[in-house]
Amino acid sequence: HWLRPTIPLDRAKQVMGEFGHVYKEQYAVALFNGVRFEIEGGGGPQSQLLHRKNPLEDHSIFSGGLFQYLEGNKKWRNRFVFVADTYDVSFYENKVAHERGLHPKGTINCAGYKALTSMEEYLDLVSTSLPGVKAKAGSGPFVKGATQFPLILWHPYARHHYFCVLTEKEQTKWHAVLQDCVRHSNNGLSEECRVQTPAFTDAVRLHRQAQGHYGTWDMMCGGPPQILANLVMETLYPELRNLIGPRLKGKIQQRQRNWMLISEAVYKQVLSQTQAQYEALVQACEVETPRLDAALRTDMDQIITSKEHVSGKIRALVLPRAEQLLRRSVQPYVSSILEALMEPTSRGFSEVRDVFFRELVEVSKNTLNGGGKDKLGEHMEKISMLAFHPVKMQSCYEKVEQLSLEGLQQRFDVSSPSVFVQRAQILMREQMDNAVYTFEQLLHQSLEEKDQRGENLCKTIQCCQDRVLKKYDYDSSTVRKKFFREALLQIIIPYMLKQLAPSCHPDLPPFQELIFEDFSRFILVENMFEEVVLQSVTKDIMMAVKEAAVQKRHNLYRDSMILTNSDPDLHLLGESPSVDWAAQFGGGDEESDESPEGCGRSKWRRRQVVSMIKLDGMGPLPYESCLEVPGEGGDFIPEEEEGATPMEPEPNSPDNVQEIRYLINPVVEMVVPASDEDLAVLPNGTEPGMLTLEGEEEEVTLITTVVEEVHWKGPDQKAEGELQEKGEAAIEEDEAIENAIQEIEMAVQEEDEDRITECAVDSDAELAPPLADSSPRHHDDSGFQSLTNEALDEGEAQPMKDVLKTEDSLTDPGEVEVIVEQGNAALHDNSETGEDSETEILYDI
């Protein structure tokens, strides 16, 4: 009640109005620069490696099971998590729900997030959200981990997501995957958009500079709507924190949690506004594009002449001041900045080369020992997606993460080096994929020309490898030098603009009068002022990078070494599609099982970049969403539903792994005391006795029993099964036996009906008809499995414990069997609301 709902909307409208004005101006300038580049041409050295247009086509990144913390009911539930080629993280009720194409429970766009593996690191970030509110030493977090291996996605404004796994191996792999999702999502602006992307980045930079914020910005991540939402929250967030923070009541953990919920709600409102208003802004600019484009192409020469005339006058005013500032405050630090950038970046690109080389050496060895092309296809299928395998690329990324600008960040207003680290990692991934794709095309071309096996095939692989490595060295040098120049400009230019703005800005407005009105949309004084400052420092930056290239330890080519048309036939292969090694050379799994989508399971599996995590001695987990895991150390936060009918004390939450196993596979124990008069063996080999079931004793004659699989049809409908008898016909004629059987059936069915009436069916669960592959025995084990189902085989009947004990003889265990089948997978407990559905078990005797 302290926050009016209109405050976030009003602030978003205000910021978007100011941004929209700047964006329209920069859009016309970017269109002018794009058309001029198209006419005049230009560009840097030509790449030697081929570039794949859509590398992740028909691929997914990773999938498997994770325990997720649900804030609504404060429980941990097992979820099937799927990372698509878009790097969005989607989580489902279970794997069956994903395979059937059902909507996910939720989807996370990882832009702006940080992937954490330590609760201590997470609490440090949370404590900064409310200044002056710090937890006491020894106080526990408001989220208690279910295991010792957490995975947390933290965002300064949006919802936090909590996951955990069972082993350190799983945590390492999932952390690498989530980091790659964050890295890819942060790089949300397409470089192929020659007009929209420059217009947007310049508009954001100029808007922040007008607010006094110069330098790099950590929240320049994601797509345009997300960046604009971050732009709004940059000023709105501190105001709301100062307004609401002091009024929050309760314990420290509760205040932190409440503030996070408020921040999330505000961010959602702001993001919805920026999304709609940015789309309207882009549409309005695109409507004017044809008219502006026609004017540019008609008057391009006059516009260029007018711009050069005004730029000359601005240069005469600004250049002396800029050169003085450059000599005094910038030049002494250029070499140290460049060295801080070059050392970790060069090690990272060198590691990319080493990883690529090691993989190809492994291919050569396995091909020589494994039988030619058939084995080659299997290995090449794995290498094809090497650049997008976050675990294999992790050693390369870690080299760059050592980049530090200690001592330079405050002087040049650099918030953190993360902007440069993630940019370098994206470039490393692109170079790795270019190298892999080029090698694939060269090798495929050689294999088509002539049949090769054994040593000849290894020689061909070696020849293609050497050609690709030479091209990689050249392209790596070119990409790194460009990266160093851009990084230096991003560090130095904002600092110089901030220092020159107070003295130069008052003198700039008169220059606008020198521009013809028809050209005023394409020539802006503010842009020309920045271009003059850029030109003043470019010479020093180019010289510094050129001198660094002379040093052999960075493995950079000199600018004089230019490879042109070194392999003219190679670029003809760039138009070829990616090679399907598995289809052409027999790679991939040989399984013939069909996936739910109708394609072979082998194809479905090999299209995933990262291999599944498989733990030793662990079977499949058929219905993951049924599991509720307690907090670490046995602590568990109870869940209460308002207005819900009190449940019986029997179905309590499981407190250990054994109880979870019992919920998955219930076992009924029968105790049969023998008496002297009951020792006579019946004609079918069974013996009479007493059956004890849930504290009630009934006189029965022991016979072979089988309970058929039961599928849920509805809470009021009874499941029907077929009775299979292995006894002889004489038992059915015994009236005493029939009476005892009827009494037991009535007792069991009454309890089941009482339980079923108390079960609440999940409102968003879909009662789909049962499929063959949704049964436990048909479960597809394609994700890493939890320890909760260790050594458990769902596809076989579970024998009863202590069955049919008598003093003189024991009934053959093969004659007494109870099969307890779970219900339909679609009727799992409602993880969002905390409502639990119990499994209906029928006993047919």
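When reading the values below, keep in mind they use all heavy atoms of this one structure, side chains included, and skip hydrogens, waters and symmetry mates.
- Taking the charged nitrogens against the carboxylate oxygens, R423 and E191 do have a contact shorter than 4.0 Å, which makes a salt bridge.
- One finds the CH2 atom of W154 at 12.5 Å from the CG atom of L123 (value rounded to the nearest 0.5 Å).
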field: Stepwise side-chain contact (heavy atoms from CB on, under 4.5 Å) test for E531 and K307
entry: CA-CA 12 Å; E531 289 176 2; K307 180 179 178 180; 3.3 Å; yes
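- To the nearest 0.5 Å, atom CD of residue Q277 and atom CG of residue L281 are 9.0 Å apart.
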message: Set out, in order, the CA-CA distance, both residues' side-chain angles and the distance that settles side-chain contact (heavy atoms from CB on, under 4.5 Å) for I491 and F420, then state yes or no.
response: CA-CA 10 Å; I491 294 173; F420 308 109; 3.5 Å; yes
- request: Could you check N434 against Q48 for side chain to side chain donor-acceptor pair (under 3.5 Å), going step by step and ending with a plain yes or no?
  value: CA-CA 9 Å; N434 292 347; Q48 296 296 308; over 6 Å; no
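- Proximity of Y472 to F356: side-chain heavy atoms (C-beta onward) are nowhere separated by under 4.5 Å.
- Side chains of E279 and Q275: a donor-acceptor N/O pair is present below 3.5 angstrom, by distance only.
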query: Can you list the steps and then say if M432 with V355 is a side-chain contact (heavy atoms from CB on, under 4.5 Å)?
result: CA-CA 9 Å; M432 173 66 90; V355 170; 4.0 Å; yes
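- Under the rule for a salt bridge (Lys or Arg N to Asp or Glu O under 4.0 Å), E526 has no partner lying at least two apart in sequence or in another chain.
- A salt bridge links D507 with R321: at least one charged nitrogen is closer than 4.0 Å to a carboxylate oxygen.
- For residues 175-209, the ring-ring contact (aromatic ring centres under 6.0 Å, His included) pairs, not counting sequence neighbours, are F19-F200, Y87-H184, F200-Y278.
- Using a 4.0 Å cut-off between charged nitrogen and carboxylate oxygen, E288 and K24 do not count as a salt-bridge pair.
- Every residue two or more places apart in sequence or in another chain was checked for a salt bridge (Lys or Arg N to Asp or Glu O under 4.0 Å) with E286, and none qualifies.
- The shortest non-hydrogen separation linking C396 to M428 is O-CE, 3.2 Å.
- The number of heavy atoms from other shown groups lying within 6.0 Å of NE2 (H21) does not exceed 12.
- Using a 4.5 Å heavy-atom threshold, the side chains of F516 and Q302 count as separate.
- Counting all heavy atoms, side chain and backbone alike, L153 lies closest to C110 at CD1-SG, 4.4 Å.
- Using modelled atom types and a 3.5 Å distance limit, the side chains of E120 and S118 yield a donor-acceptor pair.
- N186 pairs by the side chain to side chain contact (heavy atoms under 4.5 Å, CB included) definition with A111, V182, C221, Q422, not counting sequence neighbours.
- Side-chain contact between H155 and Y267 is present, with at least one heavy-atom pair separated by less than 4.5 Å.
- Considering only heavy atoms from C-beta on, D540 stays 4.5 Å or farther from L488 through its side chain.
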- request: Go through the steps to decide whether R52 and D433 satisfy the test side-chain contact (heavy atoms from CB on, under 4.5 Å), and finish with yes or no.
  value: CA-CA 8 Å; R52 183 160 28 189; D433 188 58; 2.5 Å; yes
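- Contact detail for G112 and P156: the closest heavy-atom pair is O-CD, 3.8 Å.
- The nearest pair of heavy atoms linking L49 to A435 is CD1-N, 3.9 Å.
- The distance from atom CG of L325 to atom OG of S503, rounded to the nearest 0.5 Å, is 9.0 Å.
- The two residues Q402 and P344 come nearest to each other via the heavy atoms C-CB, 4.4 Å.
- Looking at R208 and E234, a side-chain N of the basic residue comes within less than 4.0 Å of a carboxylate O on the acidic one, giving a salt bridge.
- A search for salt bridge (Lys or Arg N to Asp or Glu O under 4.0 Å) contacts involving K114 returns nothing, not counting sequence neighbours.
- Side chains of D180 and Q394: a donor-acceptor N/O pair is absent below 3.5 angstrom, by distance only.
- Taking E339 as the reference, R553 meet the salt bridge (Lys or Arg N to Asp or Glu O under 4.0 Å) condition, with sequence neighbours excluded.
- For S476 and Q431, the side-chain atoms include no donor-acceptor pair closer than 3.5 Å.
- The OG1 atom of T201 lies 9.5 Å from the CG atom of L206; values are rounded to the nearest 0.5 Å.
- Residues I227 and W217 meet the side-chain proximity criterion, which asks for heavy atoms closer than 4.5 Å.
- Atom CG of L178 and atom CZ of R183 lie 11.0 Å apart (nearest 0.5 Å).
- Contact check for Y157 versus V266: no side-chain heavy atoms found under the 4.5 Å cut-off.
- Contact check on D10 versus K13 returns no salt bridge, with no Lys/Arg side-chain nitrogen under 4.0 Å from an Asp/Glu carboxylate oxygen.
- Ring geometry, F412 versus Y333: the interplanar angle exceeds 60°, so the pair is classed perpendicular (tilted spans 30 to 60°).
- Note on ring orientation: taking the six-membered ring where Trp is involved, the planes of Y23 and Y27 are tilted (angle from 30° to 60°).
- Considering only heavy atoms from C-beta on, V204 comes within 4.5 Å of M220 through its side chain.
- Using a 4.0 Å cut-off between charged side-chain N and carboxylate O, R347 and E343 make a salt bridge.
- Contact check for L338 versus E547: no side-chain heavy atoms found under the 4.5 Å cut-off.
- Just one residue in the list Q273, E239, Q269 forms a side-chain hydrogen bond (donor to acceptor under 3.5 Å, both in side chains) with R11, and that residue is E239.
- The pair R297-D293 meets the salt-bridge criterion, since a charged nitrogen lies less than 4.0 angstrom from a carboxylate oxygen.
- When all heavy atoms of L231 and V15 are compared, the closest pair comes out as CD2-CG1, 4.2 Å.
- The backbone N or O of L125 sits less than 3.5 Å from a side-chain atom of T128, completing a donor-acceptor pair.
- Using bins of under 30°, 30° to 60° and over 60° for the plane-to-plane angle, the ring pair H160/Y122 lands in the perpendicular bin.
- In this model, no donor atom of one side chain and acceptor atom of the other lie less than 3.5 Å apart for T345 and R480.
- The line from OG of S329 to CD of Q324 is 9.0 Å long, rounded to the nearest 0.5 Å.
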